[in-house]
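Got a structure here, written out as structure tokens. Questions coming.
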Amino acid sequence: MELAYKNTNCGEITEGHIGKEIEIAGWASTIRDLGGIIFVEVRDRSGLFQIVADPNKNQSVYETFQNLKTECVVCVKGTVSKRPDDTINPRHATGTVEMYPSEIEILSAAVTLPFILDDESVSEDIRLKYRYLDIRSEKMMNNLKLRHNIVTAIRGHLNKNDFLEVETPILIKTTPEGARDYLVPSRVHDGKFFALPQSPQIFKQLLMVGGVEKYYQVAKCFRDEDLRADRQPEFTQIDIEMSFVKQDDVLNMAEGLLVEAFKASNVEIQAPFKRLTYREAMDRYGSDKPDTRFGLELFDVSDIMANSTFDAFKNVVTAGGTVRAIKIPGIANYSRKDMDDTRNLAISFGAKGLAWVTYMEDGEVKSPVFKFLSEEQIDDIARRADAQKGDIVFFVADSPKVVFDVLGRLRLHFGEKLGLINHDLHDLLWVVDFPLFEYSTEDDRYVSVHHPFTTPNPEDLDKLQNDKGNVRSIAYDVVYNGNELGGGSIRIHSPELQQKAFEALGLSEEEIQEKFEFMISAFKYGTPPHGGIALGLDRLVALLARTNSIRDVIAFPKNSQAKDLMTNAPGNASEDQLRELHLRLRNTPKP
RNA sequence: GGGGUUGUAGCUCAGCUUGGUUAGAGUGCAUGCCUGUCACGCAUGAGGUCGCGGGUUCGAGCCCCGUCAGCCCCGCCA
């Protein structure tokens, strides 16, 4: 028997194939042996197709069917037939057709699988250990297809718009700011190390100096930080840079790109997206990636509290802090325990405490802080909150950072809990005018919010030396349903300004020379104004696949401890390898 | 680095609150019966280091201590 393996995909067989002889190949996904007749579903990437063996029609094929084991690989030749009317299965795409094979060959046997494919309850560590089996599942296969479709759409859009895809190096020089680098020891250079890129940032800017004008890359990036459901040590960015552009040019381009990417997932979105300034996002939503699918906006009561006799709040305002509030409707019947839980939640978010006003259904208004407030102040709060019977208003007083963080998270908590979020919405927006610096209490200095190549807002240049906290940048993030999809900025293209930016970050002249000399000197040879954006592909695909773990859209991800459970990486290095790399281990590693 | 949570059959879990006979269920697997199933059905069977180590106890899957591993979160992630 000479079979060609395959000329038709299982999932694509239709009534149009009836009477035609075809060959299919795939995995025997389910075998139903009824005694005198055997049904087998053959699965390939495209879907399932039922084949039938009847000893009266073909004895030798029937005998082969009797020996089939689940997940063995077969190739089958035969003529497609219509199923009898009463056996049509409307739940399957190929449920109206089937085949009595004239020939069947087992191409590969299969031992019993360690778990059942498509069983959603199987624990993830088992799935990751046998990832090659997990990929056979409909869910994983669909996610990989979706990812492919999205990347294809993005590439198509960028190619059509005259972008050049350029690869940048993976072995690069370590940079001082940002996440922890993965280091690669150099064999050739004793004691020296490469770093893996956290992003192609510097290279894409130098491509602009090189005259590429419009660049993109589906770029692997690496960060040696602790993992989360949406964070992997290696991940993929759609990395984009453009010359001769201003902020609006980048935003318009990215909007067009995202429209195409969403379309690949059968989601229609409208451009242009809303725009919020960073200030406005924080003031109204307590977040730089606000979920604006629901209300519950924050409001400021600092002025009222500053004039109260409540020292805890008053002193915060005097010391430069702020008091903000959020109104949660319909929870005035909260029990003592509910209130305790809410306060503990606020404390877990970083608050020192939580104050509130309860507007009871019967019209009574209660609050532990009323004794510190005048009648007029109490009225002011009710008016500002637009409080109705049944509402509770919560207050947090602290530094702006803490207040926004706590109330922003409480807002999300109640939005979810009270079912205020419409999960059918696709809410895309830009947050613009990010601050250039933020103060790091840990490092006791100002650090870049974005990265040190971000252009300061020209209006704020005079604050670069003495008022760093109030310098705005030309930087922007794109947010989808409260998730950061990506961000970018207009970059510095003047060597003098770049030098000043490094200095403002507290880098010493030696550090600037050692780490960035090539960049500053590159800028001296004629540098176009440029800017760009990077979009997190894994997160985008995960959101469009409606899964909350990016591991579900990565073929071979690491687990939460940054291990590959399938290959057991990272592994040990041999003595010889270590010697060649000029390394000596402090402790003998566990085998 | 910190907090929470889970660990019992190949897989998913019950049993733990209140320590006590031979540790169960579903599913998968094997065998047999079954000619239109599609979560096929019926029957029989195999399958266990109760994560690991120590302790308390006459007796520990269950209580205590330690440890390892998985997942989630905080820190961290320009």
#### Entry: Proximity to the side chain of A/Asp119 - top-ranked nucleotide from B/G70, B/C11, B/U35
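In terms of side-chain proximity for A/Asp119, the closest of B/G70, B/C11, B/U35 is B/C11.
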### Task
Searching all strands shown, indicate the nucleotide that pairs with B/C42 (Watson-Crick or G-U wobble; both distances under 3.5 Å).
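When the pairing criteria are applied, B/G32 turns out to be the nucleotide that pairs with B/C42.
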### Message
Tell me if the side-chain of A/Arg223 makes a donor-acceptor pair with the base of B/C77, cut-off 3.5 Å, by modelled atom types.
### Response
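Side chain to base: no pair below 3.5 Å.
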### Task
Could you let me know what B/C16 is paired to, Watson-Crick or G-U wobble, both distances under 3.5 Å, or none if it's on its own?
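WC or wobble partner does not exist here.
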### Query
C1' atom, B/U67 versus B/U22: distance in rounded Å?
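Per the computed distance, 32 Å lies between those C1' atoms.
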### Message
What's the closest nucleotide to the side chain of A/Val122 if the choices are B/C76, B/C11, B/G70?
### Response
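Given the options B/C76, B/C11, B/G70, the side chain of A/Val122 is closest to B/C11.
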### Task
State whether A/Asp405 and A/Arg409 are salt-bridged, where the test is any N-O pair (Lys NZ or Arg NE/NH1/NH2 against Asp/Glu carboxylate O) under 4.0 Å.
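Counted as a salt bridge, because a side-chain N and a carboxylate O are separated by less than 4.0 Å.
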### Query
Quick one: on RNA chain B, does A/Phe453 or A/Asp33 contact a more 5' nucleotide (nearest heavy atom)?
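This one resolves to A/Asp33.
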### Query
Rounded to the Å, how far apart are A/Gln561 CD and B/C71 P?
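These atoms are roughly 6 Å apart.
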### Message
If I take atom CG in residue A/Asn559 and atom C1' in nucleotide B/G70, what distance separates them, rounded to the nearest angstrom?
### Response
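Taking atom C1' of B/G70 as the reference, CG of A/Asn559 is at 8 Å.
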### Task
Please determine, for B/U56, whether a Watson-Crick or G-U wobble partner exists with both distances under 3.5 Å, and give it or none.
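When the pairing criteria are applied, nothing turns out to pair with B/U56, so the answer is none.
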### Task
Using a 4.0 Å heavy-atom cut-off across all strands, classify A/Glu98 as base, sugar-phosphate, or nothing.
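Contact class for A/Glu98: base.
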### Query
Of all the choices, B/C77, B/C29, B/U12, which nucleotide is nearest to the side chain of A/Glu225 once you look at every atom?
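Among B/C77, B/C29, B/U12, the one nearest the side chain of A/Glu225 is B/C77.
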### Message
With the threshold set at under 4.0 Å for non-hydrogen atoms, list the residues of residues 61-74 of chain A touching RNA chain B in residue-number order.
### Response
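By residue number: A/Lys69, A/Thr70.
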### Whether A/Tyr132 and A/Tyr130 hold their rings parallel, tilted or perpendicular, with breakpoints at 30° and 60°
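Rings of A/Tyr132 and A/Tyr130: perpendicular, over 60°.
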### Query
Base, sugar-phosphate, or nothing: which does A/Lys563 touch, judged by heavy atoms less than 4.0 Å apart?
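Sugar-phosphate only.
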### Task
Applying ring-ring contact (aromatic ring centres under 6.0 Å, His included) between A/Tyr278 and each of A/Phe434, A/Trp430, A/Tyr476, report the one that passes.
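That would be A/Phe434.
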### Message
Before you tell me yes or no, could you show the steps for A/Ile202 and A/Met519 under side-chain contact (heavy atoms from CB on, under 4.5 Å), namely the whole-Å CA-CA distance, both residues' side-chain angles and the distance that decides it to 0.1 Å?
### Response
CA-CA 8 Å; A/Ile202 290 172; A/Met519 197 162 188; 4.0 Å; yes
### Query
What interatomic distance, in whole Å, is found between P of B/G45 and the corresponding atom of B/G4?
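Those two atoms are separated by 46 Å.
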### Nucleotide of B/C29, B/C74, B/U35 approaching A/Arg409 most closely (side-chain heavy atoms)
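The nucleotide sitting nearest to the side chain is B/C74.
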### Query
Can you check the A/Ile88 CD1 to B/C38 P distance for me, whole Å?
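My rounded result for the distance is 15 Å.
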### Query
Once you round it to whole Å, what is the distance between C1' of B/C11 and CG of A/Leu133?
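Those two atoms, CG and C1', are 13 Å apart.
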### Message
I need the CG-P distance between A/Asn548 and B/C71, as an integer number of Å.
### Response
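Rounding to the nearest Å, CG of A/Asn548 and P of B/C71 are 14 Å apart.
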### Donor-acceptor under 3.5 Å (A/Asn559 side chain, A/Lys563 main chain)
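Flag set: sc A/Asn559 to bb A/Lys563 pair under 3.5 Å.
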### Query
Salt bridge check: are A/Asp340 and A/Lys337 linked by an N-O gap of less than 4.0 Å?
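The answer is no: the pair does not qualify as a salt bridge.
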### Query
Does the base of B/U37 carry an N or O that pairs as donor and acceptor with the side chain of A/Asn89 under 3.5 Å?
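Answer is no: no donor-acceptor pair is held.
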### Query
Is it true that A/Arg551 and A/Glu124 make a salt bridge, defined as a side-chain N closer than 4.0 Å to a carboxylate O?
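So A/Arg551 pairs with A/Glu124 through a salt bridge.
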### Any donor-acceptor N or O pair under 3.5 Å, side chains A/Gln237, A/Arg539
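Result is no, nothing qualifies.
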#### Entry: A/Leu117 CG to B/G10 P, straight-line distance once rounded to whole Å
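Rounded to the whole Å, the gap is 18 Å.
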### Nearest-angstrom distance, C1' atom, B/G10 to B/C76
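Comparing C1' positions in B/G10 and B/C76 gives a spacing of 38 Å.
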### Query
Taking only residues two or more places apart in sequence, or in another chain, which ones meet A/Glu15 in a side-chain hydrogen bond (donor to acceptor under 3.5 Å, both in side chains)?
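In terms of side-chain hydrogen bond (donor to acceptor under 3.5 Å, both in side chains), with neighbours along the sequence ignored, A/Glu15 is linked to A/Thr96.
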### Query
Within the structure, does a side-chain N or O atom of A/Lys57 lie under 4.0 Å from either OP1 or OP2 of B/U35?
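For B/U35, neither OP1 nor OP2 has a side-chain N or O of A/Lys57 closer than 4.0 Å.
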### Query
From the list B/C38, B/C29, B/C76, which nucleotide is the closest neighbour of the side chain of A/Arg228?
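It is B/C76.
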### Message
Can you tell me the base-pairing partner of B/C62? Count Watson-Crick or G-U wobble geometry only, both distances below 3.5 Å, and say none if there is no partner.
### Response
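Its partner is none (no Watson-Crick or G-U wobble pair with both distances under 3.5 Å).
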### Query
When you compare B/G66 with B/G47, how far apart are their C1' atoms, in angstrom units rounded to a whole number?
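The answer is 32 Å between these two C1' atoms.
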### Query
When you compare B/G41 with B/G26, how far apart are their P atoms, in angstrom units rounded to a whole number?
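Nearest-Å result for B/G41 against B/G26 at atom P: 13 Å.
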### Message
Just to be sure I understand the rule, does A/Val52 reach a base, reach only the sugar-phosphate, or reach nothing, if contact means heavy atoms closer than 4.0 Å?
### Response
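Nothing, no nucleic acid heavy atom in range.
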### Spacing of the C1' atoms in B/C62 and B/G51 (rounded, Å)
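Between the two C1' atoms, the distance is 16 Å.
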### Query
Below 4.0 angstrom, N of the basic side chain to O of the carboxylate: do A/Lys82 and A/Glu98 qualify?
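Salt bridge absent between A/Lys82 and A/Glu98.
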#### Entry: For A/Leu535, all residues meeting side chain to side chain contact (heavy atoms under 4.5 Å, CB included), sequence neighbours excluded
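Residues passing side chain to side chain contact (heavy atoms under 4.5 Å, CB included) with A/Leu535: A/Ile238, A/Leu257, A/Leu258, A/Val478, A/Ile533.
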### Task
Ignoring the backbone of A/Ile116, work out which of B/G28, B/U37, B/G70 is nearest its side chain.
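Per side-chain heavy atoms of A/Ile116, the pick is B/G28.
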### Task
Taking only the side-chain heavy atoms of A/Arg83 (C-beta and beyond), determine which of B/C38, B/C11, B/C72 contains the nearest atom.
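Given the options B/C38, B/C11, B/C72, the side chain of A/Arg83 is closest to B/C38.
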### ring centroid sep under 5.5 Å plus plane angle under 30, A/Phe39 with B/U37
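It does: the two rings, one from A/Phe39 and one from B/U37, meet the stacking criterion.
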#### Entry: Candidates B/A39, B/C71, B/G10 - which lies nearest the side chain of A/Arg91
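Nearest listed nucleotide: B/A39.
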#### Entry: Touch class at under 4.0 angstrom, heavy-atom based, for A/Thr87 against every strand present
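The residue A/Thr87 makes base contact.
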### Query
Taking the side chain of A/Leu565 as its heavy atoms from C-beta onward, which of B/G70, B/C76, B/U35 lies nearest to it?
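Shortest atom-to-atom distance from the side chain points to B/G70.
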### Message
What is the distance, to the nearest angstrom, from the CD1 atom on A/Ile126 to the P atom on B/A9?
### Response
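Going from CD1 in A/Ile126 over to P in B/A9 covers 10 Å.
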### Query
Considering only the P atoms, how many Å lie between B/A46 and B/C63, rounded to the nearest integer?
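It works out to 31 Å between them.
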### Message
In whole Å, I'd like the distance from the CZ atom of A/Arg231 to the P atom of B/C77.
### Response
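About 9 Å, once rounded to whole Å.
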### Below 4.0 Å: OP1/OP2 of B/U12 and any side-chain N or O of A/Ser123
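So the side-chain polar atoms of A/Ser123 do come within 4.0 Å of the phosphate oxygens OP1 or OP2 of B/U12, strictly under.
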### Message
With a cut-off of less than 4.0 Å, is there a side-chain N or O of A/Arg32 near OP1 or OP2 of B/U37?
### Response
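For B/U37, OP1/OP2 do not have a side-chain N/O of A/Arg32 under 4.0 Å.
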### Query
RNA chain B: A/Asp226 or A/Ser560, which has the more 5' nearest nucleotide?
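The residue closer to the strand's 5' end, by nearest nucleotide, is A/Ser560.
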### Query
Counting only Watson-Crick or G-U wobble pairs whose two distances fall under 3.5 Å, which nucleotide matches B/G7?
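B/C68 - that is the nucleotide pairing with B/G7, both distances being under 3.5 Å.
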### Query
Which is true for A/Arg551 with a 4.0 Å heavy-atom rule: it touches a base, it touches only sugar-phosphate, or it touches nothing?
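Since only primed, P, OP1 and OP2 atoms lie under 4.0 Å of A/Arg551, the category is sugar-phosphate.
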### Message
Taking the P atom in each of B/A30 and B/G19, what is the distance between them to the nearest angstrom?
### Response
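Comparing P positions in B/A30 and B/G19 gives a spacing of 42 Å.
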### Minimum-distance nucleotide to A/Glu124 side chain [options: B/C71, B/C38, B/C77]
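Per side-chain heavy atoms of A/Glu124, the pick is B/C71.
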